[in-house]
Amino acid sequence: MLAAHPTRTAPLLLGAHLTSDLGPTVTIRITEVEAYGGLGEDPGSHAHRRRTDRNRAMFGPVGHAYVYFTYGMHWCLNVVCHEPGVAGAVLIRAGAVVHGTSTAQGRRPSARSDRDLARGPARLAAALGVTGELDGIDLLDPDGPVRLSLAAPGHDGRDTRAGPRPDGGLGTGPRTGVSGAGAATPWRFWVAGDPTVSPHRRAAPGRRGPG
DNA sequence: GATGCGATTCACT
DNA sequence: GTGAATCGCATCG
């Protein structure tokens, strides 16, 4: 399933569960993702230009983790998924903590509410305790420290299997900054109406300094 | 060898 | 709702 184009895999990750056993078990339900393509097709992707030592995981086996450090302080977690021979990954942008809430709260003391525990890529990684040490690990390994469950446990009695809920609705949108043929491709996917989905951000990151 | 930008979050008003 | 802080990576010469 993961051996397909990221834009095809991304919506399938919505509703999937991520479980971390790095400390006390924490499980989150994925509510927002963003696909990143390979060479030449996605200017926003780390793999747009070439393979480097940093993004090598995006060229590796599908189902593995790609963890990167950004803005000098934040870790972000991606799931590697791509067609054979093409780099690609899906960034996990937001999720809802469904198990281990107290542990997540301990890792995110600044979160004002449980809703904010994993709302945002870096927050989600922090809530799970994910760091760069996990770059390249197999998320499908049943014995791994962090696992991706496409078929959710469903301990709450609901049908939480992977994939968008027909009634909940699937939100999609093109990512700003992508031009050409890629502009028509929806790179972002989220569960419509879910409170943990981060609000749309302004396209332009603010300038720095008094200038 | 040096410079610019980035898939963000937090604190304050 | 808006502005500021932060480190590493990739690119250019």
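Reckoned from all heavy atoms, side chains included, excluding hydrogens, waters and symmetry mates. Convention: sequence-line order gives letters A, B, ...; per-chain numbering from 1.
Counting to the nearest Å, the P atom of B:dC10 and the NE2 atom of A:His74 are 6 Å from each other. Nucleotide C:dC7 holds its P atom 18 Å from the OH atom of A:Tyr68, rounded to whole Å. Following rounding to the nearest Å, A:Phe189 (CZ) and B:dA7 (P) show an atom-to-atom distance of 18 Å. Computed from coordinates, the A:Leu91 CG to B:dG6 P distance equals 16 Å when rounded to whole Å. In this structure, A:Arg119 places its CZ atom 14 Å from P of B:dT8, rounding to the nearest Å. Between the C1' atom of B:dT9 and the CG atom of A:Leu77 lies a distance of 17 Å, rounded to the nearest Å. Look at NE2 on A:His46: it is 6 Å from C1' on B:dA7, rounded to the nearest Å. Counting to the nearest Å, the C1' atom of B:dG6 and the CH2 atom of A:Trp75 are 15 Å from each other.
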Begin with the C-alpha distance, continue with both residues' side-chain angles, and end with the deciding distance and a verdict on side chain to side chain contact (heavy atoms under 4.5 Å, CB included) for A:Asp114 and A:Gln105.
CA-CA 8 Å; A:Asp114 290 354; A:Gln105 287 172 339; 2.7 Å; yes
Walk me through it: do A:Glu32 and A:Arg188 pass the test salt bridge (charged side-chain N to carboxylate O under 4.0 Å, His left out)?
CA-CA 8 Å; A:Glu32 185 181 358; A:Arg188 282 178 78 169; 2.7 Å; yes
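Between the side chains of A:Thr185 and A:Thr7, no donor-acceptor pair of N or O atoms lies under 3.5 Å. The closest side-chain donor-acceptor pair between A:His46 and A:Tyr66 falls under 3.5 angstrom.
Side-chain to base pairing of A:Tyr71 with B:dA7: no donor and acceptor N or O lie closer than 3.5 Å to each other.
Annotation for A:Gly44 and A:Tyr36: closest pair O-CE2, 3.6 Å, computed over non-hydrogen atoms. The two atoms that bring A:Cys76 and A:Ala122 nearest to each other are SG-N, 4.2 Å, heavy atoms only.
Interatomic distance, CD of A:Glu34 versus CG of A:Leu91, reported as 6.0 Å (0.5 Å rounding). If you take CD1 on A:Ile30 and CG on A:Leu77, they are separated by 8.0 Å, rounding to the nearest 0.5 Å.
Which of C:dA5, B:dC10, C:dT11 sits closest to the side chain of A:Met73 comes down to C:dA5. Comparing atom distances between the A:Arg123 side chain and each of C:dA10, B:dT9, B:dT8 picks out B:dT9 as nearest.
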Dot-bracket for DNA chain C, please, read 5' to 3', with Watson-Crick or G-U wobble pairs under 3.5 Å on both distances, ( ) within the strand, [ ] crossing, | other strand, . unpaired.
|||||.||||||.
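In this structure, the side chains of A:Ile92 and A:Asn78 stay at 4.5 Å or more apart for every pair of heavy atoms. The shortest distance between side-chain heavy atoms of A:Pro145 and A:Leu134 falls below 4.5 Å. Using a 4.5 Å cut-off on side-chain heavy atoms (C-beta onward), A:Val146 and A:Thr19 make no contact.
Shown for residues 103-110 of chain A: residues whose heavy atoms fall under 4.0 angstrom of DNA chain B, namely A:Arg108, A:Ser110. Interface residues of residues 52-62 of chain A facing DNA chain C, ordered by number: A:Thr52, A:Arg54; criterion, heavy-atom separation under 4.0 Å.
At a threshold of 4.0 Å, the pair A:Asp135-A:Arg54 does not count as salt-bridged, since none of the basic side-chain nitrogens sits closer than that to a carboxylate oxygen.
Both thresholds, 5.5 Å between centres and 30° between ring planes, are not jointly met by A:Phe69 relative to the base of C:dG8, so the two rings are not stacked.
Applying the 4.0 Å criterion to OP1 and OP2 of B:dT8, one finds that A:Arg93 has a side-chain N or O inside that range. Within the 4.0 Å cut-off from OP1 or OP2 of C:dT11, at least one side-chain nitrogen or oxygen of A:Arg49 is found.
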